[in-house]
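Worksheet: the structure to be examined is printed underneath.
A quick note: this is a predicted structure, and the numbers were derived from the prediction, not measured. First the proteins, then the strands, lettered A, B, ... as listed; each starts at 1.
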Amino acid sequence: MELVFEKTKGLRDKTTHYCPGCTHGIIHRLVAEVMEEMGILEDTVGVASVGCSVLSYEYFNCDMTQAAHGRAPAVATGLKRVLPEGRFVFTYQGDGDLASIGTAEIVHAAARGENITVIFVNNAIYGMTGGQMAPTSLLGQKTATSPFGRDAGLQGSPIRISEMLATLDGAAYITRVSSHDVPNIIKAKKAIRKAFETQKKGLGFSLVEILSTCPTNWGLDPLESLHWVRDNMVPVFQLGVYKDVEEGK
Amino acid sequence: MGKVLMKGNEVIAEAAVHAGCKYLFSYPITPQSELVAYMAKRLPEVGGLFLQAESEVAAINMVYGAASAGVRVMTSSSSPGVSLKQEGISYLVGSELPAVVVNIMRGGPGLGSIQPAQSDYFQATKGGGHGDYQIPVYAPATLQEIVDLMRDAFNLADRYRTPVYILGDGMLGQMMEPVEFKEVVNEELPPKDWATTATRGDGGPKLTNSLFLDPAELEEHNNHLQAKYAKIKEAEVRYESYLLDDADYVIVAYGTVSRIAKNAIKEARNQGIKVGMIRPITLWPFPEQPFIETRDRVKGYLTVEMSAGQMVEDVRLAVEGRKPVFFYGRTGGMVPGQEEILEKIIEMAGGEQ
Ligand SMILES: Cc1ncc(C[n+]2csc(CCOP(=O)(O)OP(=O)(O)O)c2C)c(N)n1
């Protein structure tokens, strides 16, 4: 029989703990496939952050380091700066981790042009702690800590991380993609590949922001969640390449 | 290599280089700024790197990353900055990563002052961050002692897989003294086969981690840490005894204060009061033995600190109420003078002799 599909070697044989309809699992697979296809599983150290994806250290089939909440870019800096040439370092962070408690670390890692790859999973909410407002929550979005809907006057407006970081000279490749349907998932994988290639070429900081779901805390079913990303998140967090030094952008 | 005249902060830096540390991640703060400036020039010469972090929070987490990769790494700061590092230090402990953290203490609380203090004793010796843990703390009193202790600090960190503090005060950082860097053959240390350097065919993926969701597993991890602390307590205590043999009274002081106290002790002896000194070199583990040995024959202890009274609690624990324990301290960056200490000694001895 012809083998038409095989699970990527970039993931270990372990059932993930993610809720049905959450796209963390899909994004894990994309990152894992890219590492496998580039043949860098044995050359890579991943940094797990604090959030639902903290246990990614149990899923990725490469060396992993678990970082304090928001500090993954600093930990990745420490790793990358002391490891021998040819090692890859990536962080995997949620929006609470990266865009709230860890803003200083992500901005300065980008500003220094740290030659690392950041996988930034934006689901517009704090998943792990039970659905509190995130810096990327949409205006009007009801969460445990914005029960009347996010109000710009009270809680400010969503932060667009990719646009912000793209203004920094150290950033080499910044793009926002989505995980809400197959064409977008294919694009997301290409973006992740390009980010790791950017690191391989030593061009500097690369970040892929991936719009993602949280059916459990949004109170939607898996399909409704995918539509919610398409209909509500994409208009606010527009998809596209924000920085690409290779293309002179 | 003969003796060279150097500033305390530079001695810490050069001693770290001699101990094989090639990486420093720090954020500027007085009174340890000379240390980072020295390393910014020096580390590239040995193929290493100084990186100025965006904050002390970032610095300690860079240390966490570098330590996870298995290299000798250090961060340096002063009191307010060390407060910011506490979460990261707790993570280093939890993940069992070796590193050296230098605190050149200044007056607090808050922004306090930039003058010398010893008011971070509690923070250094009683945990500091969250969780059940201890950190070995070395408190050098002279610049030559810094040279000797830096290597020991890195070795201890590697041997037990723990962060280690070097605790000094602003005076120690700023003073100048001749020091000698002797070439020493380093002791044999266990291989860092746990380091996350990317697998490269060395077996399955490795993990640096302090998360244990299962309470039974976390308890086991804590028991493992406690067993390690018991070993450190048994093997790593250091102190200096000074004129203890015939002493009726004992001064307890560490770091630069012990030097001022020594002068006061000499003067007291000229006046006929037999005073000696216990100088803890490791603040944790605290040297209990010299107290056990002296508490039944001396008349009292006087703890002198640049704080409102922190180490004195450990002295009382070691003396177990068998003799009076007096305290004299100055705070806020004020330094206890030799005359003041002498007065306290005379007072303790029951007035003019
Ligand atoms: C210093 C600190 N503060 C708060 C927390 C609690 N906490 C854990 S995860 C989390 C939010 C994570 O949200 P996000 O990064 O969006 O990831 P998600 O769970 O949605 O994937 C918070 C606040 C913590 N672990 N550490």
With a 4.5 angstrom heavy-atom cut-off, which part of [X] approaches chain B: side chain, backbone, both or neither?
X	result
A:Ala67	backbone
A:Leu55	side chain
A:Val54	side chain

If the cut-off is 3.5 angstrom, what donor-acceptor pairs do you find between chain B and chain A?
from: B:Glu54; atom 1: OE1; to: A:Arg112; atom 2: NH1; distance (Å): 2.8
from: B:Tyr64; atom 1: OH; to: A:Gln66; atom 2: O; distance (Å): 2.6
from: B:Ser68; atom 1: OG; to: A:Thr65; atom 2: OG1; distance (Å): 3.0
from: B:Thr196; atom 1: OG1; to: A:Thr65; atom 2: OG1; distance (Å): 3.2
from: B:Thr197; atom 1: N; to: A:Asp63; atom 2: OD2; distance (Å): 3.2
from: B:Thr197; atom 1: O; to: A:Arg87; atom 2: NE; distance (Å): 2.9
from: B:Ala198; atom 1: N; to: A:Asp63; atom 2: OD2; distance (Å): 3.0
from: B:Thr199; atom 1: N; to: A:Glu42; atom 2: O; distance (Å): 3.3
from: B:Thr199; atom 1: OG1; to: A:Glu42; atom 2: OE2; distance (Å): 3.3
from: B:Arg200; atom 1: N; to: A:Glu42; atom 2: O; distance (Å): 2.9
from: B:Arg200; atom 1: N; to: A:Glu42; atom 2: OE1; distance (Å): 3.4
from: B:Arg200; atom 1: NE; to: A:Asp43; atom 2: OD1; distance (Å): 2.7
from: B:Arg200; atom 1: NH2; to: A:Asp43; atom 2: OD1; distance (Å): 3.3
from: B:Gly201; atom 1: N; to: A:Glu42; atom 2: OE1; distance (Å): 2.3
from: B:Lys206; atom 1: N; to: A:Asp63; atom 2: OD1; distance (Å): 2.7
from: B:Lys206; atom 1: O; to: A:Met64; atom 2: N; distance (Å): 2.9
from: B:Lys206; atom 1: NZ; to: A:Asp63; atom 2: OD2; distance (Å): 3.2
from: B:Thr208; atom 1: N; to: A:Met64; atom 2: O; distance (Å): 2.9
from: B:Thr208; atom 1: O; to: A:Gln66; atom 2: N; distance (Å): 2.8
from: B:Asn209; atom 1: ND2; to: A:Tyr57; atom 2: OH; distance (Å): 3.1

Return the option, out of B:Ala59, B:Ala198, B:Gly204, with the maximum number of heavy-atom pairs under 4.5 Å with chain A. B:Ala198

Out of B:Val71, B:Val63, B:Leu51, which one racks up the most heavy-atom pairs below 4.5 Å with chain A? B:Leu51

Do you know which two heavy atoms are closest between B:Pro205 and A:Cys62, and how far apart they sit?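 Distance-wise, the nearest heavy atoms are CB-O, 3.3 Å.
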
Where A:Val82 and B:Ala69 come nearest, the two heavy atoms and their spacing: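 Result for this residue pair: CG2-CB, 3.5 Å.
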
Take atom CD in B:Glu220; do more than 12 heavy atoms of anything else shown fall under 6.0 Å from it?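 Not buried by this count: 12 neighbours or fewer within 6.0 Å.
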
Give a yes or no on whether B:Leu218 atom CG has more than 12 heavy-atom contacts from other residues, nucleotides or ligands under 6.0 Å away. yes

Neighbourhood of chain A inside residues 32-50 of chain B, taking heavy atoms under 4.5 Å as contact: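 Answer by number: B:Leu49.
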
For the interface with chain B, which of A:Val45, A:Ile40, A:Leu41 has the highest count of heavy-atom pairs at distances below 4.5 Å?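 Counting heavy-atom pairs under 4.5 Å, the top option is A:Val45.
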
Quick one: what part of B:Ile60 sits under 4.5 Å from any heavy atom of chain A, side chain, backbone, both or neither?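 For B:Ile60, there is no contact with chain A at all, as no heavy atom is under 4.5 Å.
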
